[in-house]
2 protein chains.
Amino acid sequence: MDSARRVTIKEVARRAGVSYQTVSKLLNGQVQLAPATEARIFEAVRELNYRPLYSARSLRSQRSRTLGYSWTPTPPDQANQILDTLLQSMLHAAEAEDYHLLCFPHHADATRQLDSYIRLYETGRVDGFILSSVEYDDPRVIHLLGRGVPFVAFGRSSAGLEFPCIDVDGGLGLQMAVQHLLALGHRRIAALAWPEASRVGENRLSGYLRAMREAGIEPRPEWVRRGEGRVAFGAQAAAELLDLPAEIRPSALVALNDPMAIGAVRTALRRGLRVGQDLAVTGFDDTPLAHYLQPSLTSLRQPIWEIGQRLICQMTDMLKGGRPPEPACSLLAPELVVRESTVPGTQGRPEDLIL
Amino acid sequence: MDSARRVTIKEVARRAGVSYQTVSKLLNGQVQLAPATEARIFEAVRELNYRPLYSARSLRSQRSRTLGYSWTPTPPDQANQILDTLLQSMLHAAEAEDYHLLCFPHHADATRQLDSYIRLYETGRVDGFILSSVEYDDPRVIHLLGRGVPFVAFGRSSAGLEFPCIDVDGGLGLQMAVQHLLALGHRRIAALAWPEASRVGENRLSGYLRAMREAGIEPRPEWVRRGEGRVAFGAQAAAELLDLPAEIRPSALVALNDPMAIGAVRTALRRGLRVGQDLAVTGFDDTPLAHYLQPSLTSLRQPIWEIGQRLICQMTDMLKGGRPPEPACSLLAPELVVRESTVPGTQGRPEDLIL
DNA sequence: AACGTTCGCGCGAACGTTCGCATTCAGTAT
DNA sequence: ATACTGAATGCGAACGTTCGCGCGAACGTT
């Protein structure tokens, strides 16, 4: 029963009356054959249900048509809506390019983690890697660059290192948020930001400053509050902002992430303010929750699907051309999702609302 | 620069002064060598930084040491906290067994999806599959069983098909929830259930009935409400239950999933009831949200990490033994996570609470 | 008629490993 | 001495494919 011998390319060739190398070349599109022979071969392939053996192709061609991917796991008490979408989009893009994704576990120990990358590459299991959660001076980036291992990263690293990557243009995102608020008539717009050490944070904040200045408004120092990006800080910072004298009290605020925005909304509600009218609020990241909150939260959605597509395509392009990794970093625009926290009565599915 | 020629096993052998086949056997643990030779070989391996080429091993040994995994994506507006944990746990278990996971995209078209599975197996890219989201008479199960392709499933299928699988004992979970409520003194306990067509639902519900009867309480028909497992239904069903005459009005209810439990909590709060005292509520699945709600929700957590481990180990065991897939289905107990919706003042991180 | 050129296909040789026996050699029993 | 044993290593042969080159025939061109 298990004696189902594997169908090899030679059997196909014999049945089609050609040499097996010819079959190989036809299937790899490396040669133009007489229509008759071509048909005979395809028919033989179909009849025998021939499938080329992966390991044999890989051994001979010295390519695995496989990319490695590993990610830092999310703590179980908070969901990662990114991962699912990103993986699916990468998998689909990879399939279209006839590539596959090999996933391997994350290790907290950097040496161990690095060893996983190196081993996969040196054993020829993968042709390259997709990196995510890239940190400043990420050791993976340093070592992979050093060994000439092809990779594409989701997220930029520090200025010193140059490598191909895809990232979301956070500055543009905040610019969009501010312009949205300006269009609604707001003039006194504040920002809830991270500490200055954060590159992503400074990048996003710069978009706020830029948009304000472009509108001819010099953002006051009091309007920029910095702290850790959690709900509690957002609530407290919003309280301080609302306590400012009326002539400089913000009527709107942009937060660099959703939790801070949620905190700000809570403060406003507690003070009996109408969110979206007395105080408009925007977040960043578009937490799945943002949709279900009361009021629902205007936020900036990262184009995850497109990011996945680009990561894979950039990678396969690199492998195709055999070009050295070009340090081009593509920036993608986030999408402003307008909801009730800036325009009341916009939408929401109140029947399924959480609390 | 790219002329870094691959180090082969023959070079290692030459340097160690043995035949290359001996090196192979030593590295695969198939032979006992004289300590001196063994040391020489290991040293040569280290000095040359030799790594066996994956495709060559795989070609010769006819094994890929790789498992395929595909999953149905979650709609982007709701997060899937399972996926991340399950993947990581499977990846770690696989690594321990020297296996890898090859992920491939989901296709809505069943034929296309099936073709992905078959192709991966027939090209020798994978030795077997891990299946999740198994449906009734799942076509994947039918075809894989028919072709003798090894696989292990997360979740049982219909009674007609027998195959190796891991599942969570939902009945036991509800039994635990009910026993928890009984221990708190509740006697009139209702259940929010799914329509009868659901196998998972009937399984969970049976645990409710069993626990009640074991406690000498015959559950009244009015106490079992069936509907789609959403927040809205939970809210409505809870309202109906709370409108029952005092002598049969429930003081506690178990929901077969978290959204229904959340709906019930909302109804209770709107009526000014103290949740956890006037009405105790339990959910199922332990949504990440359950932790952050006000009041936080008592729920049943699926042992995802252990499920991943078991899936992989059962799979590798099967491949090791070459045994035919034994249709044993392991059931794992969920964990009851007690929070404020049954025992007020238990915990919660109010400072980070959403709304 | 002799000469390139292109087309269609074939041939030998890898690719780097593991498999299954065969062989050697020392030690022990006959 | 001879034959037997087991431990330590070697040897040839796959595994199924792609690579690179070559060769004959058909085709137009001088």
Side-chain angles (χ1 to χ4, degrees), chain A residues 3-42 44-45 48-66 98 119 121-125 127 322, chain B residues 3-42 44-45 48-66 98 119 121-125 127 322:
Chain A
S3 67
R5 275 267 310 123
R6 164 161 281 281
V7 177
T8 76
I9 200 173
K10 302 198 182 185
E11 303 177 40
V12 174
R14 193 171 340 118
R15 178 176 271 249
V18 294
S19 79
Y20 65 94
Q21 294 94 335
T22 301
V23 176
S24 165
K25 285 175 181 158
L26 172 63
L27 296 182
N28 292 338
Q30 295 172 359
V31 78
Q32 179 76 357
L33 293 189
T37 18
E38 190 172 308
R40 280 206 321 279
I41 295 180
F42 279 135
V45 165
L48 297 176
N49 187 34
Y50 166 69
R51 313 267 196 191
L53 186 70
Y54 170 71
S55 53
R57 316 185 66 178
S58 176
L59 170 61
R60 179 62 242 220
S61 64
Q62 307 282 49
R63 280 176 275 109
S64 67
R65 301 200 75 85
T66 305
D98 193 22
R119 184 185 309 276
Y121 187 72
E122 292 191 340
T123 56
R125 283 211 68 143
D127 294 337
Chain B
S3 66
R5 274 267 312 124
R6 163 161 283 280
V7 177
T8 76
I9 201 173
K10 302 199 183 184
E11 302 177 42
V12 174
R14 190 167 348 113
R15 178 177 272 247
V18 293
S19 79
Y20 64 94
Q21 295 93 335
T22 303
V23 176
S24 166
K25 286 178 181 156
L26 172 64
L27 295 183
N28 291 339
Q30 295 171 358
V31 80
Q32 179 75 357
L33 294 189
T37 2
E38 189 174 309
R40 280 206 320 279
I41 294 180
F42 279 134
V45 166
L48 296 175
N49 187 34
Y50 166 70
R51 313 267 198 192
L53 187 70
Y54 169 72
S55 52
R57 317 185 65 179
S58 176
L59 171 61
R60 179 63 239 219
S61 64
Q62 307 282 47
R63 279 176 276 108
S64 67
R65 300 200 75 84
T66 305
D98 194 23
R119 185 186 308 275
Y121 187 72
E122 291 191 342
T123 56
R125 283 211 69 143
D127 294 337

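Lettering follows sequence order; numbering is per chain, from 1.
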Look at the side-chain N and O atoms of [X] and state whether any lies under 4.0 Å from the OP1 or OP2 oxygen of [N].
{"X": "B:Arg40", "N": "D:dT9", "answer": "no"}
{"X": "B:Arg6", "N": "C:dA14", "answer": "no"}
{"X": "B:Ser24", "N": "C:dT18", "answer": "yes"}
{"X": "B:Arg57", "N": "C:dT18", "answer": "yes"}
{"X": "A:Gln62", "N": "C:dG16", "answer": "yes"}
{"X": "A:Gln32", "N": "C:dG8", "answer": "no"}
{"X": "B:Gln21", "N": "C:dC19", "answer": "no"}

Open item on the list: Tell me if a side-chain donor or acceptor on B:Ser64 pairs with a main-chain N or O of B:Asp127 at a distance below 3.5 Å.
Closed with: yes

Nearest-neighbour nucleotide for the [X] side chain, [options] considered:
{"X": "A:Leu33", "options": "D:dC15, C:dC9, C:dG20", "value": "C:dC9"}
{"X": "A:Leu59", "options": "C:dC11, D:dT17, C:dC15", "value": "C:dC15"}
{"X": "B:Lys10", "options": "C:dG10, C:dT17, D:dT17", "value": "C:dT17"}
{"X": "A:Arg60", "options": "C:dG16, C:dC15, D:dG10", "value": "C:dC15"}
{"X": "A:Ala56", "options": "D:dG20, D:dT18, D:dG16", "value": "D:dG16"}
{"X": "A:Ala34", "options": "C:dG16, C:dG8, C:dA13", "value": "C:dG8"}

Task: Spacing between A:Arg51 atom CZ and D:dT17 atom P, to the nearest angstrom - done: 13 Å

May I ask you to say what [X] touches in the nucleic acid, namely base, sugar-phosphate or nothing, with a heavy-atom cut-off under 4.0 Å?
{"X": "B:Thr37", "value": "sugar-phosphate"}
{"X": "A:Thr8", "value": "sugar-phosphate"}
{"X": "B:Ser55", "value": "nothing"}
{"X": "A:Tyr50", "value": "sugar-phosphate"}

Identify all side-chain donor-acceptor contacts of residues 20-33 of chain B below 3.5 Å with residues at least two apart in sequence or on another chain.
| residue | atom | partner | partner atom | Å |
| --- | --- | --- | --- | --- |
| B:Gln21 | OE1 | B:Ser19 | OG | 3.4 |
| B:Thr22 | OG1 | B:Ser19 | OG | 2.9 |
| B:Asn28 | OD1 | B:Arg57 | NH2 | 3.1 |

- [ ] Between B:Val23 and A:Thr22, name the one whose nearest nucleotide on DNA chain C is closer to the 5' end.
- [x] A:Thr22

TODO: Starting from the first five and the last five pairs of the helix from C:dA1-D:dT30 to C:dT30-D:dA1, work out the angle between the resulting helix axes, to 10 degrees.
DONE: 50°

